[in-house]
There are 2 protein chains.
Amino acid sequence: MVTKALPKDQPTRDRIVQAADDLFYRRGFEHTSFADIAAAVQISRGNFYYHFRSKDEILSAVIQARLSEREEMLARWDTELKAPADRIRRFIDILTRNRALILQHGCPVGTLCSELAKLSHAARPEADELFALFRTWLRRQFTLLGLREKPDALAMHVLARTQGVATLANALRDETFLQREVREMHDWLDALATCPMPPPPRRKVH
Amino acid sequence: MVTKALPKDQPTRDRIVQAADDLFYRRGFEHTSFADIAAAVQISRGNFYYHFRSKDEILSAVIQARLSEREEMLARWDTELKAPADRIRRFIDILTRNRALILQHGCPVGTLCSELAKLSHAARPEADELFALFRTWLRRQFTLLGLREKPDALAMHVLARTQGVATLANALRDETFLQREVREMHDWLDALATCPMPPPPRRKVH
DNA sequence: GTCTATACCTGGATAGAC
DNA sequence: GTCTATCCAGGTATAGAC
């Protein structure tokens, strides 16, 4: 979710993964060719196969890199922020912090998962772990908040709303909308955290 | 959003558009080749170019077809359902009605717009009209509901939530989640329609 | 209107020199 | 570790017969 530099004094393998990560995000996996990555890393196309056996192997490495990057981020938040409500707020604020990229390219997690689903790609389950990672972390925060009855539903709700905002903000390139929705999610969370009771009466199913 | 048959007694051009529509949805635009469409329509690859000058032209035709199909659907709802709240409910229920397809392939509108954004494809603005169509229609319903202050924000909110649910339900193939979120959107709408007042106090920005 | 044949290109992947 | 040269599959698009 962060724009990266490409320091030349890094192992070539890592530079390939970084460049691929960035290009897969901006142009999509399938639409990115070896020629594109090679140009970004400034190596020859043939050189790839010293580091990876196939394009799919690069994809795998990219997903793993994204996973560990997100894990570190969440761990950092856990130490920096003590109140679970603050941590959830920080999660929601990803939308604001990365709004420039999101407006241009959408959510890196959501768009990758959608693309791999259409491609029926073998790495799909790996990519879905990115969602699972956030889901588990959010669930823990809601549990800590005292909402023990349905922390998972709340986690999924937050994931879905942020996904929707990212998709729509990207399609319509509407930053105002993005900011407004972030505010509303904050309000929603405030109401939830202030009064840790199960929200308004649920209609019966049918 | 509806699975279509491929009646042989239809003009070939229309059959191409239908088959392409379906394949673009299930596999994505870029990942679908002429060979795939040709197999579905049972014509030869060369024959395409009698009906369309390029793949992009097929895409354009597919988007136009989707646009008019959705327009008709909304017009139908307008005559069938008199209460604007019922119309909005029907919109939300697209998720339930098409859940099988959505779980497998996501939202046809959202996934197409995301893909075209990554491809920097010329047809992107055309595809975005699909969102604009729903947005305008929803805005009108919210206005009719008596929520004249921010009908557009509400329309966008509904669009975003349905998008998010579709994306996440697709990634995690979670039908229970989809159904639960639909129920919560119904509850949300009920609260809104019952008390047509601007919702709870908004926090100040900063 | 539909077909076959084919041109042309791009993209992933391999071989082997340095 | 990196390069050049090359192969091959698959994709879009064209030409021209039927």
Side-chain angles (χ1 to χ4, degrees), chain A residues 6-63 112 115-116 118-124 126-127, chain B residues 6-63 112 115-116 118-124 126-127:
Chain A
L6 280 179
K8 292 253 180 170
D9 54 348
Q10 242 185 105
T12 303
R13 199 197 132 96
D14 295 350
R15 290 168 58 220
I16 293 175
V17 173
Q18 278 188 8
D21 189 351
D22 183 54
L23 287 165
F24 290 172
Y25 175 37
R26 281 168 28 214
R27 308 188 188 174
F29 168 69
E30 194 171 31
H31 194 56
T32 300
S33 70
F34 277 140
D36 296 328
I37 308 175
V41 185
Q42 294 185 327
I43 59 171
S44 73
R45 255 169 305 157
N47 190 2
F48 270 110
Y49 294 86
Y50 175 78
H51 301 281
F52 299 93
R53 275 195 299 269
S54 69
K55 194 183 178 187
D56 289 352
E57 219 170 76
I58 299 182
L59 174 60
S60 234
V62 165
I63 295 173
L112 181 65
E115 182 179 6
L116 297 186
K118 297 241 191 247
L119 302 186
S120 303
H121 195 285
R124 197 196 146 164
E126 262 183 284
Chain B
L6 280 178
K8 293 254 180 169
D9 54 347
Q10 243 186 103
T12 303
R13 199 197 133 96
D14 295 350
R15 290 169 58 222
I16 292 175
V17 174
Q18 279 187 10
D21 189 349
D22 183 53
L23 286 165
F24 290 172
Y25 175 37
R26 281 167 31 213
R27 308 187 187 175
F29 168 69
E30 194 172 30
H31 195 55
T32 299
S33 70
F34 278 136
D36 296 328
I37 308 175
V41 185
Q42 294 185 328
I43 58 170
S44 73
R45 259 169 306 157
N47 190 2
F48 272 108
Y49 295 86
Y50 174 79
H51 301 280
F52 300 94
R53 274 194 301 269
S54 68
K55 193 183 176 185
D56 289 352
E57 218 170 78
I58 299 182
L59 174 61
S60 233
V62 166
I63 295 173
L112 181 66
E115 181 178 5
L116 296 185
K118 299 240 187 248
L119 302 186
S120 303
H121 196 285
R124 197 196 146 162
E126 261 182 286

Legend entry - Minimum heavy-atom distance between A:V62 and A:V17, given as atom pair plus value: CG2-O, 3.8 Å

Legend entry - Phosphate-side-chain proximity, B:Y50 and C:dG1, N/O vs OP1/OP2 below 4.0 Å: yes

Inset, instruction - Taking the side chain as every heavy atom from C-beta outward, state whether A:L112 and A:L59 have any pair of such atoms under 4.5 Å apart. - result: yes

Inset, instruction - Ignoring backbone atoms, test whether B:N47 places a side-chain nitrogen or oxygen under 4.0 Å from the OP1 or OP2 oxygen of C:dG1. - result: no

Legend entry - Qualifying residues under ring pair (Phe, Tyr, Trp, His ring centres under 6.0 Å), relative to B:F52, sequence neighbours excluded: none

Legend entry - B:R13 to B:A61 - nearest heavy-atom pair and separation: NH2-CB, 3.9 Å

Inset, instruction - Represent DNA chain C in dot-bracket notation, 5' to 3'. Only Watson-Crick or G-U wobble pairs with both distances under 3.5 Å count; pseudoknot-style crossings use [ ] and interstrand partners use |. - result: ||||||||||||||||||

Inset, instruction - Send over the distance from B:I16 CD1 to C:dG1 P, rounded to a whole Å. - result: 12 Å

Listed pairs, N/O of protein and of nucleotides 11-13 of chain C, under 3.5 Å:
residue : atom : partner : partner atom : Å
C:dG12  : OP1  : A:K55   : NZ           : 3.1
C:dG12  : OP2  : A:F34   : N            : 2.8
C:dA13  : OP2  : A:Y49   : OH           : 3.4
C:dA13  : OP2  : A:K55   : N            : 3.0

Legend entry - Minimum-distance nucleotide (side-chain atoms of A:I43 versus D:dC3, C:dT4, C:dT2): D:dC3

Inset, instruction - Take atom CD1 of B:I58 and atom C1' of D:dG11, then tell me their distance rounded to the nearest Å. - result: 13 Å

Legend entry - Length of the line joining B:L119:CG and C:dT10:P, which is rounded to integer Å: 17 Å

Legend entry - Student check: side-chain heavy atoms of B:Q18 and B:Q10 closer than 4.5 Å: yes

Legend entry - A:H121 and A:F29 aromatic ring geometry - parallel, tilted or perpendicular at 30°/60° bounds: perpendicular

Legend entry - Side chain to side chain, A:L116 and A:I63, heavy atoms closer than 4.5 Å: yes

Inset, instruction - Write down the distance between CZ (B:R15) and C1' (C:dT2), rounded to a whole number of angstrom. - result: 12 Å

Legend entry - Pair B:D36, B:H31: side-chain N/O donor-acceptor within cut-off below 3.5 Å: no

